[in-house]
Amino acid sequence: MRILCGLLLGFTLMADAKTRVEILADASYPPYSWQEGDEVKGIYADIVRAVVAGMEEYEVVIKALPWRRGLTMIEKGHGFAIFPPYYNPDNRPWMWPYSQPMLEEAVVVMCGSKLESNHPDASFPEDYYGLRFGINAGFVVGGEKFWQSVKDKKIDVEEVKSNRENLLKILRGRVDCTINDRLSLFYEQLNMMKSNELALMDMSLLKQGPVLGREQGFLGYSRDGKFPFKEDFIMKFDKGLYQLKKQDGVTQIVENYLGKSPR
């Protein structure tokens, strides 16, 4: 009888056991994803949590890392998935597949206000030849013509850790411009004002240039690595994300951070 009870208990525990899944996140990309103490915050982090809450067979842990380090883990097959990469299979063949798109971002140029060539109708990248751009480490933004100009040494690029560092470098004259999501750059400026790193008058020293395009943020999976649950997780995550969007859940998450947009 004891043996039978032990077997039944064992089967029950096995049935209740959850598969632990670690998902990597950008540690320095507010309001989309950032680390604050031991907590990973941001729009994408909350979207992922909302989706996996309905995937009861999985215990999902989100771990924030510097973006380049997280990408390296995915490339080597040491990490299962990461958010929020843009869709870029040509430059990242080791990342596949991608989830359904979680959110759309508008990629813009931002420079010091004294740079006359930087305006919404500027020709990019031609009007920016001879300038120095600060680009977040691991980010591939700006398009093929921009990176060809970098290879041709018509434009210089310096890798930095975050939008905050980029904005400070622009204000101090150490770089001329940066490229990133418009909302993320604006959100960082507001945070810098709250922490007295940026005065209200300093906002006029930064000016947005052209919108280079719109990119979508995804959950990107490692092509390599041994993750026997991968196909099941991908299928269920996409299904849950679809349902979340259908119920306006993504819109509500965005509004929690940014307030309601006028309709």
Side-chain angles (χ1 to χ4, degrees), residues 17-87 92 94-105 136-139 161-164 181 183-184 187-188 191 215-245 247 249-258:
K18 294 187 176 185
T19 301
R20 188 180 189 277
V21 177
E22 184 175 85
I23 293 178
L24 306 179
D26 191 339
S28 303
Y29 191 38
Y32 297 114
S33 173
W34 80 94
Q35 184 167 12
E36 189 171 308
D38 295 329
E39 187 178 357
V40 182
K41 294 186 174 182
I43 293 171
Y44 284 115
D46 286 356
I47 291 173
V48 170
R49 289 189 182 102
V51 172
V52 301
M55 298 165 59
E56 297 180 354
E57 63 272 53
Y58 291 100
E59 178 190 355
V60 176
V61 177
I62 299 176
K63 181 179 180 180
L65 289 175
W67 186 239
R68 181 175 289 282
R69 190 188 308 171
L71 291 177
T72 299
M73 289 185 65
I74 297 297
E75 181 178 7
K76 293 182 177 180
H78 297 162
F80 171 60
I82 190 170
F83 65 83
Y86 297 155
Y87 185 77
R92 296 171 181 159
W94 33 265
M95 183 181 291
W96 190 261
Y98 292 76
S99 69
Q100 289 187 36
M102 292 192 281
L103 203 64
E104 185 174 85
E105 305 176 25
N136 290 20
F139 277 46
K161 295 179 181 179
S162 64
N163 281 337
R164 173 185 170 278
D181 167 67
L183 178 59
S184 182
Y187 190 84
E188 189 61 58
N191 280 341
E215 295 281 1
Q216 294 173 315
F218 296 83
L219 181 63
Y221 299 92
S222 174
R223 186 185 290 273
D224 298 320
K226 296 180 179 179
F227 305 101
F229 53 84
K230 182 177 179 180
E231 289 187 10
D232 180 71
F233 186 95
I234 290 171
M235 178 188 67
K236 290 177 178 175
F237 185 88
D238 278 355
K239 183 178 179 180
L241 180 56
Y242 172 79
Q243 292 296 329
L244 184 68
K245 288 181 175 180
Q247 298 164 4
V250 170
T251 300
Q252 291 172 20
I253 289 171
V254 172
E255 289 178 349
N256 288 341
Y257 284 86
L258 307 172

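- The side-chain heavy atoms of Q216 and Y86, taken from C-beta on, include no pair separated by under 4.5 Å.
- Taking the side chain as every heavy atom from C-beta outward, M102 and F218 never approach each other to under 4.5 Å.
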Task: Criterion side chain to side chain contact (heavy atoms under 4.5 Å, CB included) on Y58 and K18, from CA distance to verdict - done: CA-CA 5 Å; Y58 291 100; K18 294 187 176 185; 6.0 Å; no
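- Shortest non-hydrogen contact noted between I234 and P97 is CD1-CG, 3.6 Å.
- Contact between A81 and L219 at its shortest, heavy atoms only, is CB-CD1, 3.9 Å.
- Interatomic distance, CD of E22 versus CD of E59, reported as 11.0 Å (0.5 Å rounding).
- A donor atom on one side chain and an acceptor atom on the other are not found under 3.5 Å apart for Y29 and N163.
- Between F237 and Y221, the distance separating the two ring centers is not shorter than 6.0 angstrom.
- Rounding to the nearest 0.5 Å gives a distance of 5.5 Å between CG of L65 and CG of L24.
- Counting non-hydrogen atoms of other residues, nucleotides and ligands closer than 6.0 Å to CD of E56 gives a total of 12 or fewer.
- Considering all non-hydrogen atoms of both residues, P85 and Y98 come closest at CG-CE2, 4.3 Å.
- Side-chain polar atoms of Y32 and D26 form no donor-acceptor pair below 3.5 angstrom.
- In terms of modelled atom types and a separation under 3.5 Å, the side chain of N136 and the main chain of F139 share no donor-acceptor contact.
- Counting only heavy atoms from C-beta outward, the side chains of F233 and F227 never approach each other to under 4.5 Å.
- Of all non-hydrogen atoms in G77 and S222, the two that sit nearest each other are CA-OG, 3.5 Å.
- Residue K161 comes nearest to S28 through the heavy atom pair O-CB, 4.1 Å, listed as atom of the first residue, atom of the second, then distance.
- Residues L71 and W94 have side chains in contact (heavy-atom distance under 4.5 Å, counting atoms from C-beta outward).
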- [ ] Start with the C-alpha gap between K76 and D224, add the side-chain angles, then the distance that decides, and say whether side chain to side chain contact (heavy atoms under 4.5 Å, CB included) holds.
- [x] CA-CA 7 Å; K76 293 182 177 180; D224 298 320; over 6 Å; no
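- Salt bridge E188/R164: absent, no basic N to carboxylate O contact under 4.0 Å.
- In this structure, the side chains of L241 and K239 stay at 4.5 Å or more apart for every pair of heavy atoms.
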TODO: Take T19 and E57, measure what side chain to side chain contact (heavy atoms under 4.5 Å, CB included) needs, and give me the verdict at the end.
DONE: CA-CA 6 Å; T19 301; E57 63 272 53; 5.9 Å; no
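- In terms of heavy atoms, I62 sits closest to A25 at CG2-CB, 3.9 Å.
- A heavy-atom distance below 4.5 Å is not found between the side chains of V61 and V21.
- A salt bridge does not link E75 to R92: none of the charged side-chain nitrogens sits closer than 4.0 Å to a carboxylate oxygen.
- Between Y44 and F83, the angle of the ring planes lies from 30° to 60°, which puts this pair in the tilted group.
- Counting heavy atoms from C-beta outward, V60 and M55 have side chains that stay 4.5 Å or more apart.
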Task: Residue pair M235, E231: steps toward the side chain to side chain contact (heavy atoms under 4.5 Å, CB included) verdict - done: CA-CA 6 Å; M235 178 188 67; E231 289 187 10; over 6 Å; no
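- A 4.5 Å side-chain heavy-atom check between I23 and V48 finds at least one atom pair inside the cut-off.
- Note: R49 CZ to L244 CG = 13.5 Å, rounded to the nearest 0.5 Å.
- Atom OH of Y242 sits in a sparse spot, with 12 or fewer heavy atoms from other residues, nucleotides or ligands closer than 6.0 Å.
- For S99 and D238, the side-chain atoms include no donor-acceptor pair closer than 3.5 Å.
- Using modelled atom types, one finds no donor on one side chain facing an acceptor on the other under 3.5 Å when comparing E215 with Y87.
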